[in-house]
Participant: 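For reference, the structure I am asking about is given below.
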Amino acid sequence: MSTPTPPVDNEQPAAIGPGQGSGTDSKQWPEPLYALAGVGDLVAEQIRKLAANAPEISERFQRNAATLPEDLRSLPRELRTLAADLPSYAAGLQTKAREVNGESVKRNVETAQTRAQDAYRTLVERGEQAVKPQ
């Protein structure tokens with residue numbers, strides 16, 4: 001019994017390996033892969049910092065654990081206070097929302113977009129360095 005063969009597709013798959021790009025830029029891999037490598041490198045760095053600070057974190061946890069029973073006893077009182085303040089806080093937010101200027105929102109969105117693009121470029125650069133042969 002013979003195995004059926006799939007239809008032949010004449011389209012070539014997208015190049016994703018090193019040296020298989022269009023040759024128009026110097027990157028061997030697509031930028032999103034470098035950004036992902038940059039994120040991984042950043043996470044590894046943060047884990048190393050966390051591990052280095054483990055004794056301090058453990059000590060702080062022990063100190064906080066000692067005050068936990070008192071903190072839990074005062075929590076209902078704090079929640080009642082917050083609940084009582086909620087209507088005035090909501091009214092203040094409504095007032096601010098009415099005062100929002102469309103141009104101000106647009107500037108804030110543009111600023112956020114620029115910052116996101118800068119962060120992405122930083123991750124791409126970090127990823128390029130992380131995968132660069134030593």
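Note that the coordinates shown come from a computational prediction; the quantities given were computed from them, not determined experimentally.
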Participant: Taking only distance into account, with no hydrogens and no angle test, what donor-acceptor pairs under 3.5 Å do side-chain atoms of residues 44-60 form with protein atoms, sequence neighbours excluded?
Facilitator:
| residue | atom | partner | partner atom | Å |
| --- | --- | --- | --- | --- |
| E45 | OE1 | R126 | NH2 | 2.5 |
| N53 | ND2 | K49 | O | 3.2 |
| E56 | OE2 | R60 | NH2 | 3.3 |
| E59 | OE2 | R63 | NH1 | 3.0 |

Participant: Going only through I, L, V, M, F, W and Y residues with side-chain contacts under 4.5 Å, is there a path from L123 to L33?
Facilitator: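 Looking at the clustering, L33 is in a separate group from L123.
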Participant: In chain order, what residues pass the side-chain hydrogen bond (donor to acceptor under 3.5 Å, both in side chains) check against E70, with sequence neighbours excluded?
Facilitator: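 Per chain and number, E70 pairs via side-chain hydrogen bond (donor to acceptor under 3.5 Å, both in side chains) with R73.
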Participant: Of the non-hydrogen atoms in Y120 and A35, which two are nearest, and what is the gap between them?
Facilitator: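 Y120 and A35 have their closest heavy atoms at CE1-CB, 3.6 Å.
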Participant: Test of understanding: with side chain to side chain contact (heavy atoms under 4.5 Å, CB included), list the residues that count as partners of Q129, not counting sequence neighbours.
Facilitator: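 So Q129 forms a side chain to side chain contact (heavy atoms under 4.5 Å, CB included) with K132.
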Participant: Output every pair passing side-chain hydrogen bond (donor to acceptor under 3.5 Å, both in side chains) with a member in residues 99-118, not counting sequence neighbours, ordered by first then second residue.
Facilitator: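 The answer is D118-R121.
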Participant: Taking only residues two or more places apart in sequence, or in another chain, which ones meet V100 in a side chain to side chain contact (heavy atoms under 4.5 Å, CB included)?
Facilitator: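 With neighbours one apart ignored, the set is V105.
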Participant: Looking at every non-hydrogen atom in both residues, tell me the closest pair between W29 and Y34 and how far apart they are.
Facilitator: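 Closest pair (atom of W29, atom of Y34, distance): O-CE1, 3.1 Å.
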Participant: In this structure, would L42 and L36 fall into the same cluster of hydrophobic residues linked by side-chain contacts under 4.5 Å?
Facilitator: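 L42 and L36: separate clusters.
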Participant: Nearest 0.5 angstrom please: F61 CZ to L68 CG, how far?
Facilitator: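 Between F61 CZ and L68 CG, I get 8.5 Å after rounding to 0.5 Å.
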Participant: Under 3.5 Å, which donor-acceptor pairs link side chains of residues 80-94 to any protein atom two or more places apart or in another chain?
Facilitator:
| residue | atom | partner | partner atom | Å |
| --- | --- | --- | --- | --- |
| T81 | OG1 | R77 | O | 3.1 |
| S88 | OG | D85 | O | 3.0 |

